Amino acid sequence: MHIKSTNQKLRSTSISEHFQSSFLAIFMDENIGLPMPQDQHRYLPKIIQLRRELHANPELSGQEYKTVNRIRQFAEKHGKAAQIETFGETGFAVIYQFPEPGKTIAIRCELDALPIQEENQFSYKSVNAGVSHKCGHDGHMAIVSGLIFWLEAQPIQKGKVILLFQPAEETGKGAQMLVHDNKFEALGIDYLFALHNIPGESIHNIIITPKGFSAEVQSVVIKIKGKEAHAAEPENGNNPALAVSKIIEGMSSLNCLDPKMDNFAVLTPVHLLMGEKAYGISPANAELHYTIRTWNSSQMSLLTSKIKTLVDGICLSNHLDFSFEWLEFFPASINDEECTAHIQKAANANGFEIINKEHPFRFGEDFGWYSKKYKTAMFGLGSGIDSPALHHADYDFPDEILTTGIQMFSTIIQNILK
């Protein structure tokens, strides 16, 4: 409670000179001798205002229509030199095409919010009941939108920069849609970067994960069918309860929770359904819902094979029918070595502390779809030791790290295109 009230007080005050100076430094690169425009101090409050408007008006995956309109209006107002390209119903990109041929760099952020009721009481809390930005996508969008001001001021002569606003990350469908879109493929992307804020890490720290940013994640429903009977005569039916208990025990044995192991695997039961609250009936049907995680695709393939063998053996011996339904797939996000080097170089150039994380994060991230086709890398951005965790009802993206994200991406772009 004390932490929440402190954060709320900090964000209700005016922007400090420290953060203004941090943002202004982006426009004072000595390597290119760019003069600082006199009105540059106006930009940070505009970016914070955008972030809070996005936070107050969240939309679920695939429904980000008002979010798209809000960012598009922002881009059209401030991005005089940019072109806008749309993908599907709610995906779009702000594109800067410079005069001479060169590398194409995409910077991606996510548009969607989560089905979580917000607990915060600040002025920009969510106005949509049961929907809120609890993963920080509002902050990610504001960072990428903030790059418009920097790109408008740059004397870059070659290459192309794509600010990519992607829908439906939380369901794993947004990136999958884009990588199969011919119009997106025609952009000819050479490098694709993204960040994710990380609560529990010191503010402004850059977290680098050379082996990959996030786990491969797959959800599965195991459906079992037996035979219904009177509860007084269960022998006349085929109750799946015993088979369910054996499957749960067998699935648990497939866990390997040591992140150092190549066969690292987390199998989490998330929902169980069997029968009804009808005490005179021995039920026929059951469902087990699991989310499973590994570090890579080959291990995921091996794990799913083991699950199929396990369920097949148990159901066969208990004379039960079964089927699988596979849901919400998030490929492992693989960090390309060259892209990772660019991230490290940018962090060093800006004086940010680097935290090298030996293993990927366990959560799913649909950025992995891009890893299958492009040179990609994601990095973590520390959002505070005392910050509420991602997907918690009292989480709020800290405005203090907007400038950090903008500095990282602008430096990466400059280093590649210069």
Side-chain angles (χ1 to χ4, degrees), residues 60-63 88-89 112 114-116 130 135 167-180 214-228 237-256 263-278 281-333 362-369 372 391:
L60 295 175
S61 303
Q63 303 175 24
E89 293 188 3
D112 51 341
L114 288 158
I116 298 174
C135 206
E169 186 279 325
E170 294 292 352
T171 61
K173 295 180 179 179
Q176 182 182 21
M177 177 270 292
L178 284 173
V179 298
H180 292 101
S214 59
E216 185 138 335
V217 182
Q218 175 79 77
S219 295
V220 60
V221 181
I222 305 169
K223 298 181 178 181
I224 302 172
K225 184 174 179 59
K227 183 179 178 181
E228 200 169 69
N238 192 356
N239 189 312
L242 182 58
V244 167
S245 67
K246 290 180 178 179
I247 290 172
I248 292 173
E249 184 179 14
M251 294 282 276
S252 178
S253 71
L254 296 177
N255 279 300
C256 177
N263 63 334
F264 168 82
V266 181
L267 297 85
T268 306
V270 295
H271 183 63
L272 175 63
L273 179 65
M274 192 186 81
E276 305 290 341
K277 292 181 180 179
I281 300 173
S282 176
N285 301 323
E287 287 187 7
L288 296 89
H289 295 238
Y290 273 80
T291 295
I292 58 178
R293 301 164 195 272
T294 63
W295 284 152
N296 53 60
S297 296
S298 61
Q299 286 300 319
M300 179 60 74
S301 178
L302 181 60
L303 179 60
T304 55
S305 178
K306 290 180 179 179
I307 291 171
K308 291 175 182 177
T309 300
L310 171 73
V311 173
D312 179 79
I314 292 172
C315 288
L316 182 64
S317 64
N318 286 272
H319 310 291
L320 296 162
D321 294 326
F322 68 94
S323 63
F324 291 95
E325 183 179 357
W326 302 93
L327 308 167
E328 295 194 355
F329 176 59
F330 296 84
S333 294
R362 290 190 181 190
F363 54 73
E365 167 56 68
D366 79 348
F367 193 76
W369 284 106
K372 294 177 176 292
H391 293 210

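Remember, predicted model here, so these are calculated numbers, not experimental data.
- The structure places CG of L272 at 10.5 Å from CD1 of I222, a figure rounded to the nearest 0.5 Å.
- Within the model, atoms CE of M300 and CZ of R293 stand 9.0 Å from one another, a figure rounded to the nearest 0.5 Å.
- Among residue pairs with one or both ends in residues 298-312, none qualify as salt bridge (charged side-chain N to carboxylate O under 4.0 Å, His left out); sequence neighbours excluded.
- When all heavy atoms of D112 and E170 are compared, the closest pair comes out as OD2-N, 2.8 Å.
- In terms of modelled atom types and a separation under 3.5 Å, the side chain of S301 and the main chain of S298 share no donor-acceptor contact.
- If you take CD1 on I292 and CG on L303, they are separated by 4.5 Å, rounding to the nearest 0.5 Å.
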| message | The test is side-chain contact (heavy atoms from CB on, under 4.5 Å); show your working for M251 and I307 and say whether it passes. | response | CA-CA 7 Å; M251 294 282 276; I307 291 171; 3.8 Å; yes
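- A distance of 11.0 Å separates CZ in F367 from CD in E169, rounded to the nearest 0.5 Å.
- Between N296 and A332, the shortest heavy-atom contact is CA-CB, 4.2 Å.
- With rounding to the nearest 0.5 Å, the separation of NE2 in H271 from CG in L288 is 9.5 Å.
- Shown here for A168 and G62, the closest heavy-atom pair between the two residues is CB-N, 4.0 Å.
- Atom NZ of K372 and atom OG of S297 lie 4.5 Å apart (nearest 0.5 Å).
- Taking each heavy atom of A265 and T294 in turn, the nearest pair found is CB-CG2, 4.4 Å.
- Counting heavy atoms from C-beta outward, M274 and N239 have side chains that approach closer than 4.5 Å.
- Residues I281 and E276 form no side-chain contact, since every pair of their non-hydrogen atoms from C-beta on lies 4.5 Å or further apart.
- Shown here for P283 and G275, the closest heavy-atom pair between the two residues is CB-CA, 3.4 Å.
- Taking the side chain as every heavy atom from C-beta outward, S245 and I248 never approach each other to under 4.5 Å.
- Between V244 and A286, the shortest heavy-atom distance links the atoms CG2-CB, 3.7 Å.
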| task | Report the C-alpha separation of N263 and Q299 in whole Å, then their side-chain angles, then the decisive distance to 0.1 Å, and conclude whether the side-chain contact (heavy atoms from CB on, under 4.5 Å) test is met. | result | CA-CA 6 Å; N263 63 334; Q299 286 300 319; 3.6 Å; yes
In residues 314-331, what donor-acceptor pairs under 3.5 Å come from side-chain atoms, sequence neighbours left out?
{"from": "S317", "atom 1": "OG", "to": "G313", "atom 2": "O", "distance (Å)": "3.2"}
{"from": "S317", "atom 1": "OG", "to": "I314", "atom 2": "O", "distance (Å)": "2.9"}
{"from": "N318", "atom 1": "ND2", "to": "I314", "atom 2": "O", "distance (Å)": "2.8"}
{"from": "E325", "atom 1": "OE1", "to": "K223", "atom 2": "NZ", "distance (Å)": "3.3"}

